[in-house]
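Just below is one structure, and these are the notes that go with it.
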Amino acid sequence: MGKFILRRAAQAILVILVATLLIFLATFALGDPFASTGEKAVPPAIAAANRAKYGMDHSLPVQYLTYLGNMVRGDFGIDFNQNRPVSELLAATIPNTVKLAVAAILLDVLIGVVAGVIAAVKRYSFWDVLVTVTSTLAIGIPPFVIGILLVANVSGWGPFPPVPRSFTVQVNWLNELILPAFTLAVIDAAFIARLMRGSMLEVLRADFIRTARAKGLPERTVITKHAMRNSLIPVVTYVGISLGVLFGGAIITETIFQYNGVGYLLSRSIVQNNAPVIIAIVVFSVVVYVLLSLIVDILYAYLDPRIRLS
Amino acid sequence: MSENTALASEDVLGARSDERRSPLLEVKDLRVHFNTPAGTVKAVDGVNWHVHEGETLAIVGESGSGKSVSAMTILGLVPSPPAVFPSGEVLLKGRSLLDMPENQQRKLRGNDISMIFQDPLTALNPVFKVGDQIAEMVRVHQRIGKHAAFRKAVDLLGEVGIPNPAVRAGQYPHEFSGGMRQRAMIAMALANDPQVLLADEPTTALDVTVQAQIMQLLVDLQERRNTAIVLITHDLGLVASHADRIAVMYAGRIVETGTTDEIFSSPRHAYTHGLLSSLARMDHSRPERLEPIPGQPPNLARVPQGCAFHPRCAFATQECIAEVPQLVPLSPGSGHLHACVHPDQVAIAHDTPRPHAASVDATPSTGGRPVVEVTSLVKHFPIKSGVFIRREVGAVQAVNDISLDIEPGTTLSLVGESGCGKSTAARAILRLHEPTSGTVRVGDRDVTALSQQELRRAREDMQIVFQDPYASLNPRMTVRQILEEKYELLGGTVTDTTIEDLLETVGLSGEYADRYPHEFSGGQRQRVGIARAIALNPKFVVLDEPVSALDVSIQAQILNLLEKLQADFGLTYLFIAHDLSVVRHISDRVAVMYLGQIVEIADRDELFERPQHPYTQALISAVPIPDPVIERERERIVLVGDVPNPANPPSGCRFRTRCWKFAEVLSESQQQACLEQDPELVRHSDVATHKAACHYAAEREVLRG
């Protein structure tokens, strides 16, 4: 197991290196921001001075290493819009995004697993049909439709803050969280319900379930103890991916609700052409994604002892 | 006065003996039907049986005969719907089970009646420790603490013969071998001292040597605890040695029942007789021609009118179709019941000796130049390890230096337990696995020296039939496409009648050419697999367990077909099998493999009558013979433990860790040779063709008593 984690960690570092290199090449190396032609061309001496100021007179490998080194120290540069350190912007938004992601995942795992188990155990019953039809519907509707509907009809009502909103008005974090979390959870819950139903149906046909029944265990124990743990693996995979995506910022949902998270920050930065922020967020989401998939692999091993050995 | 007393005491005696005879578990007129879109499937249709304390009742039948469903119904494990129970009663010591509320029925499950299943691989939950799974069984039915239950689980594992039970209890099922998993299942089933044990094909998924261990364990436990065992199986050999009484099922009904001796010595139902005559016998010096039951078991949604067996029965008359025959006693008051209209004809047929199989007339050694010559074949699979750089740290020595010749038109069988390397050897011979070293010559070609293109051309001479007829045919291609592909690949010409002729050669109607594999039964699919192999008149065909996935009556059909094809086309077979009865029937020569090596090779009769290697002797002695009279006389050599890991074989003789001779007969100084030297495959008697790889090879009679 230690070896396995070590190997996966090495792979993770490799992925992060490749990702940062690609981002670096895409933004820094392609084109020179100080090159200009025509009447109002910047004099070569000034352009050279600018390049020297931003370290662009060094060779590409040196520039890349500097960029990596700064990043490791938490220095992502200064944003173009407000002239604040990018790390400060991230520090203000990441906790909000994490809260939103965790809330959404908890909600969709809870709804999805319960609905999936009920649908599988009571196959072909009213409840199964209800779950199947509702989940198809939820997957079919794009999330922004649900988001916009909620913004138009629910936001500003009761405890929920109105949209568009001002960040100077203090709102209880839970109140501003609920609607976007629900929006995000709807689709994931539907996916999880379907995954859970499918894998549960398969597990319920397994011989060891028959053994559990032959032991004289109550049906409830058969389902919750013997069947559920074996059915959870596909769900864990899905939740891992989904959490990775959400941590990197739920761009559409956060923007619709003007929720002060990484996703909303990213969408504003794209509009403003705010390169340092964009780069920082992309790197952040790659790192988070890689770490989460490592955690998912470790969780597999916990759920299924057969994976521990190989 | 004295007369009255005598009468009274007789009554008492009668009553007492009646009470003693009153069965522990009784099934009365049980019917289990499934409502499906295709119609009502009558899986169990009016079945009666009973079992006493300490007794073993065997329920015998082919797949789909309803034998498992009737047992599962007793435990309430048949889901309803889709199942319905039109009639039936199950009485445990007089208490009726089926109409009990679910929570009371549940308390009996695993407590008074418990069950072990066919496949120990899938019957244990992979995510829980074995000890916890057994402890759970204890805790459902007994008021006992968590730790006490776990300690009980450890004790139980010890009782069923698992070494190091305290450690083993903390392991997961995948860390157990197949035999140990079945032992764990048995430990679980016995945890609450049940009165009845339902054993559904308990050894079908296991090797014969492990089967012998498990059956011995069940016999010992039965003696100690006086448990009633219901043994559900298709294996008549197993039944002959382990059952007290037998019920034979066909198409959801019991067609004959009686004591084991009655059923084997004087069957009165045509189906029972058919089953017995389609069985290959390991103990017959000259194999008899197998008489397969034609056709296949009926679809239970459309059971034939009258006697369900009549479409396959040689004795069938109008009477058989008129109405369903009921079970009647052979003689008044007899416990031997049959439901056959023609018991007398069956009796005559059973007493008529059968002709010998064609294969015995061929002399094993023709002296001709071998078609296949394998020299020092080795196949190792590397094991890699390391965090960043994957180094080779060892090898699974699947096939370790085997040599053999097969003469034209003969059959060499390669036998051994699972994991002995027999299938890997066969595949390496055909270069389906690239051999690590060694040479293989087929006909005039050195197969191991061919380039990939030449190898493809050489495949017209060497073909293979696979074990699983369900997985080895592409479900999206028709039979015609499957067979024509063969000609396209290997360059044969297909005329309008080629495919039809080919199908008729393997006993299928030419009209079947445009059907898809799922429209065929297992036996028919295997015929298609055989047709594919023989399509281009190969010289050499590898048969990799071709009948082990089939029912007994169908096995005989396929074996007869293989023999006929060999006689007609002069084919040379390499037959891979674990079933020694089949091997004795079909082979000319037999090679026994253990842990990647050939430990003994001889002509068929020589090997079975005068085995020299202790492993061969144990293997033969472990195979039950379908004859209770012989079985009572036979001595069984029960091997201890499991096959060692082929990545790390024992030093010296590979078999010594499980060898009965090493453990019981040899002195310490004699054992030295076994520990240090790998014995060579050499001649030990005056028969030149008989070789064994043992330092202390000696004959031992294991076939008969």
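Every chain is numbered from 1, with letters handed out A, B, ... down the list of sequences.
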(request) Look at the aromatic rings of A:Y238 and A:F191 and report parallel, tilted or perpendicular, splitting at 30° and 60°. (result) tilted

(request) Mind checking the CG-OG spacing from B:L77 to B:S68? Nearest 0.5 Å is all I need. (result) 11.5 Å

(request) Answer yes or no on whether A:K225 is positioned over the face of B:F128, meaning its NZ or CZ is under 6.0 Å from the six-membered ring centre and within 45° of the axis. (result) yes

(message) Please classify the contact between B:E102 and chain A as side chain, backbone, both or neither, with a heavy-atom cut-off of under 4.5 Å.
(response) neither

(message) Nearest 0.5 angstrom please: A:F76 CZ to A:Y67 OH, how far?
(response) 8.5 Å

(request) Let me know if B:T122 has heavy atoms under 4.5 Å from chain A in its side chain, its backbone, both or neither. (result) both

(message) Report which part of A:A206 has an atom under 4.5 Å of a heavy atom belonging to chain B: side chain, backbone, both, or neither.
(response) neither

(message) Would you compute the distance between atom CZ of A:R7 and atom CD of A:Q11 and round it to the nearest 0.5 angstrom?
(response) 7.5 Å

(request) Would you please classify the geometry between the B:Y172 ring and the B:H174 ring as parallel, tilted or perpendicular, with 30° and 60° separating the classes? (result) parallel

(request) Considering only heavy atoms, give the residues of residues 136-145 of chain B separated from chain A by less than 4.5 Å, sorted numerically, with 'none' for an empty result. (result) B:E136, B:M137, B:V140, B:H141

(request) Test B:E159 against every option in B:R183, B:R225, B:K152 by the salt bridge (Lys or Arg N to Asp or Glu O under 4.0 Å) rule and name the one that passes. (result) B:R225

